[in-house]
Amino acid sequence: MDKRLHINLGPDNKERKYVFNPFQLVMNRGHYYLVGNHENYDDMSTLRVDRIAHITVLSERRKPLREIKGYQQQRTFNVSQYVKEHIYMFGGESVTVSFKAKRSIVNQILDWFDGNVEFSDVTPDDVVCRVRVNHHAFKYWALQYMQSVKVLSPASLVTEVKEAIKEGLQQYS
């Protein structure tokens, strides 16, 4: 809360050390992020560069892309696709999401998802949208636009958004 960088300490009160397999440096919403894989996990994640300290470049080769969940069939890392799917730079899995939105926010939808969206079932007031996006990031996006958006699928995301709205309402009870 003092707005300074602090070393992350482990349960033994010693500095935690992380091994990170970098794949790409990206800029998103005014910040640089290193996209890669933590050695002890099987998915892609992001680290904000201005929050990294005490870097040591190791001599070991990084984990190959094909060993990372969701990238087994890819030979090269597609940074453009990654940025489109990870709108808040959260790591983790991308999923196909369907949601109903008010037509009045179509321009915001196009901006947020960089045109990576399909529209269907258009009425004068609403449109159904389908987008491939990071699961966790979309949850927060849907909450941000909850007055204009209703998540339709996947069911797990619908449940998560409902629960988050209930918890949010309790903050104002």
(message) Is the shortest side-chain heavy-atom distance between D111 and Q108 below 4.5 Å?
(response) no

(request) Look at the side-chain heavy atoms of Ile, Leu, Val, Met, Phe, Trp and Tyr, link any pair under 4.5 Å apart, and say whether Y82 and Y32 land in one connected group. (result) no

(request) Verify the distance criterion only: is there a donor paired with an acceptor across the side chains of Y18 and N8 at less than 3.5 Å? (result) yes

(request) Give a yes or no answer on whether the side chain of H136 reaches the backbone of H86 with a donor-acceptor pair at less than 3.5 Å. (result) no

(message) Looking only at the side chains, is there a donor atom on one of E85 and Q81 sitting less than 3.5 Å from an acceptor on the other?
(response) yes

(request) Among R62, K69, K63, find the residue that satisfies the side chain to side chain donor-acceptor pair (under 3.5 Å) test when tested with N37. (result) K63

(request) Could you tell me how the ring of F77 sits relative to the ring of F23: parallel (under 30°), tilted (30 to 60°) or perpendicular (over 60°)? (result) tilted

(request) Go through the structure and list residues passing side chain to side chain contact (heavy atoms under 4.5 Å, CB included) with S80, not counting sequence neighbours. (result) N78, K84

(message) Tell me if a side-chain donor or acceptor on T123 pairs with a main-chain N or O of D125 at a distance below 3.5 Å.
(response) yes

(request) Would you please classify the geometry between the W112 ring and the W141 ring as parallel, tilted or perpendicular, with 30° and 60° separating the classes? (result) perpendicular

(message) I'd like to know if the side chain of H135 pairs up with that of E160 as donor and acceptor (distance under 3.5 Å, no hydrogens or angles considered).
(response) yes

(request) Indicate the ring-plane relationship of H38 and F20, choosing parallel, tilted or perpendicular according to the 30° and 60° boundaries. (result) perpendicular

(message) Using every non-hydrogen atom in the two residues, find where V79 and Q24 come nearest and quote the distance to one decimal.
(response) CG2-CG, 3.3 Å

(request) Spell out, as yes or no, whether a donor-acceptor pair under 3.5 Å connects the side chain of T46 to the backbone of M89. (result) yes

(request) Check step by step if side chain to side chain contact (heavy atoms under 4.5 Å, CB included) holds for C129 and V127. (result) CA-CA 6 Å; C129 308; V127 60; 3.9 Å; yes

(message) Using the ring centroid of each side chain, check whether Y140 and F90 are separated by less than 6.0 Å.
(response) yes

